[in-house]
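All remarks here apply to the structure that follows.
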Amino acid sequence: MKLCDFVVSSSIIPDLRVGTKEDAIRAMVAGLREAGSINAADEAGIVAAILKREELGSTGIGRGVAVPHTKHPSVDKLVAAIALAPEGVDFASLDGEPVFIMFLLVSPPDRPGDHLRGLENISRHLRNDNFCKFLRQSRTAEAVWDLLKEADNNEI
Amino acid sequence: MRPLELIARKAQSFRSQVFVTRGSNRVDAKSLLHLLTLGAEPGMELEIDATGEDASQAVEQLTELIGSEFEGFERP
C-alpha cells in the first residue's frame, strides 16, 4: 500500500490555521467532502465519530504528528486527508507537544486490515526525520503531493 | 491503536529502555509512532525486551498487559 493510493490529493491543506483540534478535524473532513471522497450527508456523522474516538484517547502520537481516524460505513475504501498547521494545534498528545502534521483517515468497518495498513504506512514514513522536516516545509498542496510520491518511491 | 497507547504508557512508567519486536522490526515501546509501524493485530506474536535497572519488571508487566489481550478494554 502506498500513500498516494489512499491520500486524497485535492483534500491536502498545506496551511491550516485553527484554534482547536475539533476545528482541525472539521476542516479536514470538509476537505474530503469538497474532494468528493465523502458525501455531504455523511460529513457531520464522520466528524462526530472522529471526535468520539479522540475522547477515548488522543491520536496525537508524538513528534508533532496526529492521526485522527474512524471507521465509517459510508466509505467503500480507505481515504485520508493531510493538513499542516504551521502554528501548531493542541491535540492533547501523549508527549504533551502541539501537533503540526495531521493525517485523517476514514475507512470501511468491514476492512480493518486496510485501516491498520494505512496507519502502519503513515507511521513508517513519519519515523523518517527528513520526511517530517520536508513535510513541514511544504507550502503548497502540490509540494506535499510530490513529497508523498517521493516517499512512496523511497526517495527520501 | 488504543492498545498501543496502553503499551506506550506502561513502558513509559519504567526507567529502562523497552523494545517490542515483530519479525525484523524492533521499536521503542515508549513511542506510539514507533509502535504503530509494527502493524500489530490481535493474535500476532510480539517479543519484548528491555535494558536498564528495572528491565525485568518492565518485561514482566508488558508481557502481562499484552498477554491479557487488554482485558476489560472497551473497543469503540
Side-chain angles (χ1 to χ4, degrees), chain A residues 1 3 46 48-72 78 80 91-97 99-107 109 111-129 131-132 135 151, chain B residues 1-52 54 57-58 61-62 64-76:
Chain A
M1 183 187 280
L3 292 171
I46 290 172
I50 293 173
L51 292 175
K52 194 173 170 205
R53 166 62 187 82
E54 291 292 326
E55 281 176 19
L56 300 172
S58 175
T59 59
I61 55 179
R63 298 185 66 180
V65 176
V67 286
H69 57 259
T70 191
K71 299 188 179 85
H72 201 273
L78 171 65
F91 234 82
S93 296
L94 205 57
D95 65 359
E97 298 295 321
V99 156
F100 301 94
I101 299 170
M102 288 160 278
F103 279 78
L104 181 144
L105 289 84
V106 184
S107 60
R111 294 174 69 171
D114 286 3
H115 180 77
L116 201 64
R117 231 70 66 210
L119 282 173
E120 177 188 347
N121 189 301
I122 289 166
S123 55
R124 187 162 46 81
H125 289 297
L126 290 169
R127 265 179 79 175
N128 180 335
D129 289 337
F131 181 73
C132 284
L135 199 49
Chain B
M1 186 174 147
R2 290 181 59 228
L4 298 181
E5 184 183 342
L6 298 181
I7 293 173
R9 285 189 189 280
K10 176 64 83 179
Q12 284 169 9
S13 71
F14 296 98
R15 281 191 288 275
S16 296
Q17 284 187 288
V18 189
F19 302 94
V20 182
T21 304
R22 177 192 160 206
S24 58
N25 192 5
R26 180 170 179 261
V27 304
D28 179 0
K30 296 183 183 185
S31 163
L32 200 43
L33 175 59
H34 285 216
L35 288 170
L36 267 178
T37 66
L38 292 173
E41 293 181 67
M44 206 169 256
E45 192 167 312
L46 301 173
E47 282 176 33
I48 301 157
D49 69 282
T51 54
D54 50 7
Q57 293 101 303
Q61 291 193 29
L62 262 300
E64 194 181 329
L65 174 68
I66 296 170
S68 73
E69 294 180 2
F70 309 94
E71 206 173 308
F73 171 80
E74 188 192 331
R75 287 177 199 281

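Both the backbone and the side chain of A:T59 come within less than 4.5 Å of a heavy atom in chain B. With a threshold of 4.5 angstrom between heavy atoms, A:H125 does not approach chain B through any atom at all. For B:A40, the part lying near chain A is the backbone, with the side chain staying farther off; criterion is any non-hydrogen pair under 4.5 Å.
Note that CG of B:L33 and SG of A:C132 are 7.0 Å apart. Values are rounded to the nearest 0.5 Å. Taking CD1 of A:I122 as the start and OG1 of B:T37 as the end, the distance is 13.0 Å to the nearest 0.5 Å. Distance CG/A:L56 to CZ/B:R2: 4.5 Å, rounded to 0.5 Å. Here the straight-line distance linking atom CG of B:L38 with atom CG of A:L119 works out to 12.5 Å at 0.5 Å rounding.
Shown here for A:G60 and B:L32, the closest heavy-atom pair between the two residues is O-CD2, 4.3 Å. Residue A:L94 comes nearest to B:A8 through the heavy atom pair CD2-CB, 4.0 Å, listed as atom of the first residue, atom of the second, then distance.
Taking a 6.0 Å sphere around CD of B:E45, one finds it holds 12 or fewer heavy atoms contributed by other residues, nucleotides or ligands.
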